[in-house]
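Structure, as structure tokens:
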Amino acid sequence: MVRWTSGELNNYVGTTTSGLGSEQRIHGPNKTWTHSVIMTTGQFTSDGLTNDLIIRWTDGETTMYRDTRMNNLGTEIMIAPPA
């Protein structure tokens, strides 16, 4: 998952040590997303899939997008409120 300086968010499906997978745009340029500081993907829920996205924003809020799929961020859950 890559967040560009414009706020565009892309996923690279099938990435391996051999190279990047195919690019899939989650959303285009977006000013809100320029405020993301750190992102990580992984399996943070009990569905058995590595399809969750956790983001820390510039105001300290931490959000998880559960069940992220192609072109869809999934369900947003606030983990920690803004500072």
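Side chains included, hydrogens not; waters and symmetry mates left out as well; all remaining heavy atoms used. The structure displayed is predicted, hence computed values, not measured ones.
Donor-acceptor pairing under 3.5 Å is recorded for the side chains of Trp57 and Thr63.
Partners of Asp47 under the salt bridge (charged side-chain N to carboxylate O under 4.0 Å, His left out) rule, at least two apart in sequence or in another chain, do not exist in this structure. With sequence neighbours left out, the salt bridge (charged side-chain N to carboxylate O under 4.0 Å, His left out) criterion links Glu8 to Arg25.
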Next item on the list: Applying side chain to side chain contact (heavy atoms under 4.5 Å, CB included), run through Met78 and Thr62 and close with a yes or a no.
Entry: CA-CA 6 Å; Met78 183 188 300; Thr62 302; over 6 Å; no
Note to self: Could you walk me through whether Glu61 and Ile79 satisfy the side chain to side chain contact (heavy atoms under 4.5 Å, CB included) test, starting with their C-alpha distance in whole Å, then the side-chain angles of each, then the deciding distance to 0.1 Å, before giving a yes or no?
What the structure shows: CA-CA 8 Å; Glu61 180 179 354; Ile79 295 173; over 6 Å; no
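Ile55 and Leu73 fall within the same hydrophobic cluster, defined by Ile, Leu, Val, Met, Phe, Trp and Tyr side-chain heavy atoms under 4.5 Å apart, directly or through other members. Tyr65 and Phe44 fall into different hydrophobic clusters, defined by Ile, Leu, Val, Met, Phe, Trp and Tyr side-chain heavy atoms under 4.5 Å apart, directly or through other members. Placement of Ile54 and Ile77 within a single hydrophobic cluster is found when ILVMFWY residues are connected by side-chain heavy-atom separations under 4.5 Å, directly or transitively.
A 4.5 Å side-chain heavy-atom check between Glu23 and Asn11 finds every atom pair outside the cut-off. A 4.5 Å side-chain heavy-atom check between Met64 and Thr75 finds every atom pair outside the cut-off. Counting heavy atoms from C-beta outward, Asn51 and Arg66 have side chains that stay 4.5 Å or more apart.
Smallest separation of non-hydrogen atoms from Ser36 and Arg3: OG-NE, 2.9 Å. The shortest heavy-atom contact between Gly21 and Thr15 is N-OG1, 3.1 Å. When all heavy atoms of Lys31 and His35 are compared, the pair lying nearest together is O-CD2, 3.4 Å.
Legend: ring-ring contact (aromatic ring centres under 6.0 Å, His included) pairs involving residues 2-31, not counting sequence neighbours, sorted by first then second residue: His27-Trp33.
Note that OG1 of Thr34 is 8.0 Å distant from CG of Asn30, once rounded to the nearest 0.5 Å. One distance of note links CG of Asn10 with CE of Met1; it measures 9.0 Å at 0.5 Å rounding. Taken from OG1 in Thr40 to CG in Leu53, the straight-line distance is 8.0 Å, to the nearest 0.5 Å.
With hydrogens and angles disregarded, no donor-acceptor distance shorter than 3.5 Å links the side chain of Asp52 to the backbone of Thr41.
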